Structure formats: C-alpha cells, structure tokens
Trainee: 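One structure, pasted below without further comment.
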Amino acid sequence: MNHQTGTAKMGNPRDPTTVVDPKLRVKTISHLRVVDASVMPNVPGGNTNVPTMMVAEKGSDIIKEDIRCEADNDLNSFFFE
C-alpha cells in the first residue's frame, strides 16, 4: 500500500487513460520522459524496488537509441572506414 505506482500509466498512445507511451514519452509534452514506478500500469506483487530498476535500465536503453550525436558519427567513420 505504501509503494505508489501507476500515477503516469504507460500504454497505447491512443488510449485516453494513459499518460506515457511505450517509449516512456509523455504524450502531450515533447522532450519529456517518465522513467520511474509511476509508469507501471499494474502494481507488482512484491516490493517495487527491482521492477523500478528494470524500468530505469530499459528507459536508459530507449533514450540511448533515440539520441543521435555527431561525435558518434565521427567515431563510426574512424573505426569502420
């Protein structure tokens, strides 16, 4: 009862009850993501610590996939040409 989850429910972007899409982006605000226990649409059966860490790990992977940096391109051209 003391582990709050689901306050920014993640789900289908077309569902009016969700706040966050599957890539953890807030639907109505650009460049804002929520990466914590509030995106869990259902309360886990146990303590929320480990599931929250899993959301954070996946969130960091999603953010890294979306970031494009010129320095990355420079490194790729150095190593792969």
Side-chain angles (χ1 to χ4, degrees):
M1 296 301 265
N2 293 324
H3 300 284
Q4 302 304 314
T5 63
T7 56
K9 185 171 100 170
M10 176 177 55
N12 186 331
R14 293 186 185 112
D15 180 353
T17 66
T18 61
V19 176
V20 178
D21 72 9
K23 291 192 117 190
L24 304 172
R25 298 175 295 208
V26 176
K27 292 185 343 183
T28 58
I29 302 172
S30 62
H31 306 293
L32 179 64
R33 294 181 195 254
V34 176
V35 185
D36 62 18
S38 64
V39 301
M40 297 178 198
N42 301 313
V43 179
N47 191 299
T48 58
N49 187 38
V50 173
T52 303
M53 288 191 291
M54 292 170 61
V55 168
E57 284 289 329
K58 183 61 179 175
S60 69
D61 291 341
I62 291 169
I63 291 168
K64 286 190 288 188
E65 287 173 4
D66 288 349
I67 291 176
R68 299 291 177 250
C69 179
E70 285 189 33
D72 291 341
N73 293 333
D74 293 343
L75 286 175
N76 287 336
S77 65
F78 177 76
F79 288 111
F80 298 112
E81 285 185 351

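All residue numbers refer to positions in the sequence shown, counting from 1. Note that the structure is a prediction, hence the values are computed from the model and not measured.
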Trainee: Side chains of Lys9 and Val20: closer than 4.5 Å at any heavy-atom pair?
Mentor: no
Trainee: At what distance, to the nearest 0.5 angstrom, does CG of Leu24 lie from CD1 of Ile63?
Mentor: 7.5 Å
Trainee: Suppose the criterion is salt bridge (Lys or Arg N to Asp or Glu O under 4.0 Å): which pairs have a residue in residues 46-65, not counting sequence neighbours?
Mentor: Asp61-Lys64
Trainee: Cut-off 3.5 Å, no hydrogens considered: what does the side-chain donor-acceptor table look like for residues 26-40, sequence neighbours left out?
Mentor:
{"residue": "Lys27", "atom": "NZ", "partner": "Pro13", "partner atom": "O", "Å": "3.1"}
{"residue": "Lys27", "atom": "NZ", "partner": "Asp15", "partner atom": "O", "Å": "2.7"}
{"residue": "Lys27", "atom": "NZ", "partner": "Thr18", "partner atom": "O", "Å": "3.0"}
{"residue": "Lys27", "atom": "NZ", "partner": "Thr18", "partner atom": "OG1", "Å": "3.0"}
{"residue": "Arg33", "atom": "NH1", "partner": "Lys23", "partner atom": "O", "Å": "2.6"}
{"residue": "Arg33", "atom": "NH2", "partner": "Asp66", "partner atom": "OD2", "Å": "2.6"}
{"residue": "Asp36", "atom": "OD1", "partner": "Ser38", "partner atom": "N", "Å": "2.9"}
{"residue": "Asp36", "atom": "OD1", "partner": "Ser38", "partner atom": "OG", "Å": "2.4"}

